[in-house]
Amino acid sequence: MNDRANFGSKLGVILATAGSAVGLGNVWRFPYMAGQNGGAVFIIIYVVCVLLLGIPCMISEFIVGRHGQANTARAFRLLSRGTPWALIGYMGVLTGFLITGYYAVVSGWCLQYVWASLIGHLQGDPEYFRTYFTELSSDPVKPVCWTVIILGITYLIIEHGVRNGIEKASKVLMPTLFVLLLLIVCASCMLPGAEKGIEFLFKPDFSKITSDVFLSALGQSFYSLSIAMGCLCTYASYFSKNTNLTHAATQIAIIDCLVAILAGLMIFPAAFSVGVEPDSGPSLIFITLPNVFAQAFSDLPVVGYCISLLFFVLLSLAALTSLMSLHEVSTAFFQEEFLMTRKTAAVIVTVTTAVIGAFCSLSLGAVQGLSFFGKALFDWFDFITGQIFLPVVGFLTCIFIGWFVSHKIVRDEFTNRGTLPGRFFHFYIFLVKYVCPLAILFIFLHQLGFLN
Ligand code: PHE
């Protein structure tokens with residue numbers, strides 16, 4: 001397997017993997033979670049969780065992937081020496097596969113909003129935006145088409161391979177995303193009354209800390225770093241033997257936190273400036289925000305138009321780079337396990353995830369009968385992947401690396417076969433053995449409602 005694809009440069013490694021991490025989780029989920037959980041305190045806890053728990057989990061997945069130089073299932077199989085631990089890899093691939101279709105639906109909404117902003121349909125009063133979103137998400141045709149379109153774009157990138165597809169695309173998309181982000185942050189922070197939003201984000205009110213805030217921040221940090229979906233493991237299999245895994249994980253985590261905080265700085269100053277409460281939940285981006293932009297820039301409609309358009313372009317780019325990494329998990333799996341060409345593997349993944357995506361989308365109102373036990377199929381995918389598989393795979397990966405895999409192998413990968421000092425190795429092992437599994441166990445119990 002010496003001719004296996006790899007990333008061509010260090011920058012490519014960082015941008016592609018950061019592209020996986022930076023996604024709807026940062027721009028869509030993080031702001032509403034911060035809004036609902038007290039702003040600054042949530043952010044502080046979130047950053048601590050990323051540094052102390054997220055980074056070691058990322059390094060663990062990197063170790064498995066780079067050691068195996070193969071798709072997630074095979075990488076785990078190689079290290080598990082014929083034991084059932086190999087199942088973690090298969091679960092990782094399955095999680096990545098299942099979440100692709102569902103993530104594509106939300107990414108499709110973003111594209112639809114780009115289109116709507118472009119043709120000037122995102123103008124009106126708060127009620128208009130609410131109806132617009134409800135009608136869109138329950139429409140039988142439009143969201144399915146957008147899901148297929150975004151998966152088609154992902155396919156075109158993935159089909160070009162690791163270096164010419166993923167790496168090249170990330171090198172263009174990520175800097176563009178960053179510039180757009182800074183532009184909108186500037187516009188939002190210059191609005192009258194923006195200070196209140198900045199204060200909400202940065203002035204902690206410690207009375208707001210509850211176990212709920214704590215565990216939500218923990219869960220968000222894992223989701224946001226793409227932990228336990230096979231993505232990090234798959235991408236790490238394309239890293240070179242000289243990539244410093246600790247540095248890479250730290251840099252990616254910092255970029256991810258930075259983008260999340262900047263997303264907050266894009267949204268809250270504008271929301272406070274027009275007196276909209278930031279705690280509206282998942283609809284924050286699709287209902288509250290277009291309204292906030294429309295009101296905040298009502299004197300300068302052209303600026304409002306551009307900001308709204310740029311915002312949804314940004315959101316779509318963030319979604320696309322994450323979708324690429326999710327798609328790659330299954331593509332690499334099919335390609336290597338069933339000895340197919342990359343193209344055939346990518347076609348299979350695109351078609352099957354498009355079907356899953358279509359069913360998820362239709363379950364939101366267009367077709368009756370796609371709800372089970374009172375939950376739409378879409379919500380089931382969200383629940384099973386995010387709240388069951390993610391913690392289970394994350395937990396098992398930590399236990400696997402911390403307790404099962406020989407520390408010699410782990411140390412070899414951690415220090416690039418002894419060429420790096422590996423000063424933090426013992427601290428890393430301590431976190432992976434005890435702290436991370438316990439933390440994940442708490443998130444899991446909390447999400448299932450056993451812990452409040
Ligand atoms: N980390 C991505 C985000 O923040 C979500 C994601 C999870 C992407 C898992 C890929 C894999 O949106």
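Just follow the structure's listing: the first ligand is 1, and inside any ligand the first atom is 1.
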Distance-minimising heavy-atom pair for [X] and [Y]:
| X | Y | value |
| --- | --- | --- |
| Ser170 | Pro175 | O-CD, 3.7 Å |
| Tyr238 | Asn6 | O-CB, 3.2 Å |
| Val27 | Ala263 | CA-CB, 4.0 Å |

### Query
Between Ala21 and ligand 1, which part of the residue brings a heavy atom under 4.0 Å of the ligand: side chain, backbone, both or neither?
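Under 4.0 Å from ligand 1, Ala21 contributes backbone atoms alone.
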
### Task
Have a look at ligand 1 and work out which part of Asn26, if any, has a heavy atom under 4.0 Å from it: side chain, backbone, both or neither.
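It is both parts that get close, each with some atom under 4.0 Å.
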
Do other residues, nucleotides or ligands put more than 12 heavy atoms under 6.0 Å from the [atom1] atom of [X]?
| X | atom1 | value |
| --- | --- | --- |
| Trp115 | CH2 | no |
| Tyr90 | OH | yes |
| Lys171 | NZ | yes |

### Query
Taking the six-membered ring for Trp, is the centroid-to-centroid distance between Trp109 and Phe286 below 6.0 Å?
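Here the rings of Phe286 and Trp109 have centres that are less than 6.0 Å from each other.
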
### Query
What do you reckon, does Trp28 put a non-hydrogen atom under 4.0 Å from ligand 1?
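The answer is no: ligand 1 sits nowhere under 4.0 Å from a heavy atom of Trp28.
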
Show the atoms of ligand 1 that are less than 4.0 angstrom away from any heavy atom in [X].
| X | value |
| --- | --- |
| Ser20 | 1 (N), 2 (C), 8 (C) |
| Leu326 | 10 (C), 11 (C) |
| Ser322 | 2 (C), 8 (C) |
| Cys231 | 10 (C), 11 (C) |

### Message
Starting from atom 12 (O) of ligand 1, what is the nearest protein heavy atom, named by residue and atom, and what distance separates them?
### Response
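Of every protein heavy atom, Gly25 N, 2.6 Å lies nearest to atom 12 (O) of ligand 1.
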
### Query
Among all protein non-hydrogen atoms, which one is nearest to atom 6 (C) of ligand 1, and what is the separation to 0.1 Å?
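The closest one turns out to be Ser226 OG, 3.7 Å.
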
### Query
Within the distance-only criterion (no hydrogens, no angle test), does the side chain of Thr243 pair as donor or acceptor with the backbone N or O of Ser240 below 3.5 angstrom?
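Yes.
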
#### Entry: Shortest reach to atom 9 (C) of ligand 1 by a heavy atom, considering only Met229, His327, Gln220, Arg29
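When every heavy atom of Met229, His327, Gln220, Arg29 is considered, Met229 comes closest to atom 9 (C) of ligand 1.
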
### Task
Give yes if a backbone or side-chain nitrogen or oxygen of Ser325 is under 3.5 Å from a nitrogen or oxygen of ligand 1, and no if not.
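No, Ser325 has no N/O under 3.5 Å of an N/O on ligand 1.
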
